[in-house]
Amino acid sequence: MTIKALLFDLDGTLINTREANYIAYKKAFFNEGKNLSEESYNKNFGLCFNDLIKNIFPSCSQIEKDRIKSEKTYFYKKNFCKTKLNPSLKSILLDNRSRYKTAIVTTASKINAVEILKYHGLHNMFDVFIFGEDVKNGKPHPECYNLAMQLLGVRSSECLVYEDSSIGIEAAKSSGASVINVSGWIK
């Protein structure tokens, strides 16, 4: 089958946001009297916000979750300078945008994803955007990739997905798409 669409995960794939996200979560948790270890964060990297909170601090109240989410967004924007665009994927995107349909498929919130894409000048490079709020089931469930394919009007066999995390790769493979693991680009 011919490839017709390129689908990109955001965090850790298209843009290395790990440090900026960790700092933001750590400060937000600290403000709620909770300590977030880097090890605990790394084990849950790539999960949607609700799943991350459930795994790390299952006893958080809804009020605490709402404050953490709000504060995380605030601190995240303050640390965009600690993010790095994947130069290889940027080239792939720029060189092929006119030939293939493109999508961002991320568990990140719309507000955070759009802001980081704007920061790196990529906010107008995609035909479809799938954010954490757009699906009921976060990765590793394939719902986000299935929705992107539906909106792009392509079959899974016509898609090439770029992913970095094991849960993202699992989601992409479960959707039936071909997957390229780019986890080794971050140094």
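At a cut-off of 3.5 Å, with distance as the only test, no side-chain donor of Y100 or E158 sits close to an acceptor on the other residue. A donor-acceptor pair shorter than 3.5 Å cannot be found between the side chains of S91 and D95. D11 and T17 share a side-chain donor-acceptor pair at under 3.5 Å. With hydrogens and angles left out, the side-chain atoms of N21 and K72 include a donor and acceptor closer than 3.5 Å. When only modelled atom types and interatomic distance are considered, D164 and T13 share a side-chain donor-acceptor pair under 3.5 Å.
In this structure, CG on N79 lies 6.0 Å from NZ on K82, to the nearest 0.5 angstrom. Rounded to the nearest 0.5 angstrom, S183 OG and I169 CD1 are separated by 6.0 Å. Residue I3 holds its CD1 atom at 11.5 Å from CG of N96, rounded to the nearest 0.5 Å.
Screening L117, L93, I104, T102 for a side-chain contact (heavy atoms from CB on, under 4.5 Å) involving M125 leaves a single residue, L93.
Salt bridge annotation for D9-K139: present, with a cationic side-chain nitrogen under 4.0 angstrom from a carboxylate oxygen. Checked for salt-bridge contact, K26 and E38 miss the test: no charged N lies under 4.0 Å from a carboxylate O. Ionic pairing of K69 and D66 is not present here: no N-O contact between side-chain nitrogen and carboxylate oxygen is shorter than 4.0 angstrom.
Contacts of E32 classified as side-chain contact (heavy atoms from CB on, under 4.5 Å), with partners at least two apart in sequence or in another chain: E64, R67, I68, E71. Applying the salt bridge (charged side-chain N to carboxylate O under 4.0 Å, His left out) criterion to K78, with sequence neighbours excluded, gives no partner residue. Residues satisfying the side-chain contact (heavy atoms from CB on, under 4.5 Å) test with S174, not counting sequence neighbours, are P142, E170.
Residues F75 and N31 are in side-chain contact: their nearest non-hydrogen atoms beyond the backbone lie under 4.5 Å apart. Inter-residue side-chain proximity for Y76 and Y25 is flagged as unmet; no heavy-atom pair is nearer than 4.5 Å. The closest side-chain heavy-atom distance from D127 to L152 is below 4.5 Å. When side chains are defined from C-beta on, I15 does not count as touching N86, because their heavy atoms never get closer than 4.5 Å.
Using bins of under 30°, 30° to 60° and over 60° for the plane-to-plane angle, the ring pair F131/F129 lands in the parallel bin.
A donor-acceptor contact shorter than 3.5 Å links the side chain of S175 to the backbone of A172.
More than 12 heavy-atom neighbours from other residues, nucleotides or ligands sit within 6.0 angstrom of NZ on K34. Remark: K77 NZ is packed, more than 12 non-hydrogen atoms of other residues, nucleotides or ligands lying under 6.0 Å away. Within 6.0 Å of the CD atom in Q62, the count of heavy atoms belonging to other residues, nucleotides or ligands exceeds 12. Enclosure of atom CD1 in I111 is not indicated, since only 12 or fewer non-hydrogen atoms of other residues, nucleotides or ligands lie within 6.0 angstrom.
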**Request:** Report the C-alpha distance between Y22 and F45 in whole Å, list the side-chain angles of each, state the deciding distance to 0.1 Å, and finish with yes or no for side-chain contact (heavy atoms from CB on, under 4.5 Å).
**Result:** CA-CA 9 Å; Y22 173 62; F45 185 75; over 6 Å; no

